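In this text the structure is predicted, and so the values were computed from the model without any measurement. Heavy atoms only: backbone and side chains are in, while hydrogens, waters and symmetry mates are out.
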Amino acid sequence: MMPNYQIEQIDGHTWKLADPFKTYLYLLEGTERALLIDAGNGFSGLQEAVKELTDKPVDVALTHGHFDHTGCGGNVWQNISDQRGFGDL
């Protein structure tokens, strides 16, 4: 377990990660790739925690643009229909 993330395995291919602010991230592992839903508050160790759970390439999907869900997201792709909440990008 990484110090900044509490990890709970939900089933054989699904994990819930909680950061220190209790923001929940979910990792789903498929046959070829994994998907991380949300990226938390930006605490260190997220990449290492995910690498401990899967060796597959990981895509990240952000549920919305609040900082507590995008903190480790790096480059963010946004659906154009959501842009009014963010102003000019």
Novice: Does any part of the side chain of L25, heavy atoms only, come nearer than 4.5 Å to the side chain of Y5, both counted from C-beta?
Specialist: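 Yes. Closest side-chain heavy atoms under 4.5 Å.
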Novice: Check this for me: Q9, atom CD, are more than 12 non-hydrogen atoms of other residues, nucleotides or ligands nearer than 6.0 Å?
Specialist: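 Yes, enclosed.
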Novice: In terms of side-chain heavy atoms, does N41 have a donor or acceptor partner in D19 at a distance below 3.5 Å?
Specialist: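 N41 vs D19: donor-acceptor pair found between side chains.
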Novice: Do L27 and T14 have side chains that approach each other closer than 4.5 Å (heavy atoms only, starting at C-beta)?
Specialist: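 Not touching, per the 4.5 Å side-chain cut-off.
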Novice: According to a hydrophobic-cluster definition based on side-chain heavy atoms being under 4.5 Å apart (Ile, Leu, Val, Met, Phe, Trp, Tyr only), do Y26 and F21 belong together?
Specialist: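 Each belongs to a different hydrophobic cluster.
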Novice: Would you say that I37 contacts T63 through its side chain, given a criterion of any heavy-atom pair below 4.5 Å between the two side chains?
Specialist: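 Yes, close enough: below the 4.5 Å cut-off.
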Novice: Measuring only between side-chain heavy atoms, which start at C-beta, is T23 closer than 4.5 Å to D38?
Specialist: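 In short, these two side chains do not touch, never coming nearer than 4.5 Å.
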Novice: If two hydrophobic side chains count as joined below 4.5 Å and joins carry through other members, does L46 share a cluster with Y24?
Specialist: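 Each belongs to a different hydrophobic cluster.
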Novice: I'd like to know whether R33 forms a side-chain contact (heavy atoms from CB on, under 4.5 Å) with D59, so could you lay out the CA-CA distance, the side-chain angles of the two residues, the decisive distance to 0.1 Å, and finally the verdict.
Specialist: CA-CA 7 Å; R33 301 185 69 80; D59 297 311; 2.8 Å; yes
Novice: Is it the case that one hydrophobic cluster holds both L62 and L17, taking links as side-chain heavy atoms less than 4.5 Å apart, direct or via other members?
Specialist: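 Yes; L17 is reachable from L62 via cluster members.
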Novice: Kindly give the heavy-atom pair with the smallest separation between V60 and A39, and that separation in Å.
Specialist: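 Closest approach of V60 to A39: CG1-CB, 4.4 Å.
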Novice: So does K56 pair up with E29, basic N to acidic O under 4.0 Å?
Specialist: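 Answer for the salt bridge query: yes.
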Novice: Looking just at side-chain N and O atoms, do N4 and S44 make a donor-acceptor pair shorter than 3.5 Å?
Specialist: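 Indeed, the side chains of N4 and S44 share at least one donor-acceptor pair under 3.5 Å.
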Novice: Quick one: pull up CG in L35 and OG1 in T54 and give me the separation to the nearest 0.5 Å.
Specialist: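 Output value for this atom pair is 11.0 Å.
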Novice: Can I10 be reached from L53 by stepping across I, L, V, M, F, W or Y side chains whose heavy atoms are under 4.5 Å apart?
Specialist: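 Looking at the clustering, I10 is in a separate group from L53.
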Novice: Please enumerate all residues that pass salt bridge (charged side-chain N to carboxylate O under 4.0 Å, His left out) together with E8, with sequence neighbours excluded.
Specialist: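 With sequence neighbours excluded, E8 shows a salt bridge (charged side-chain N to carboxylate O under 4.0 Å, His left out) to K16, given in chain and number order.
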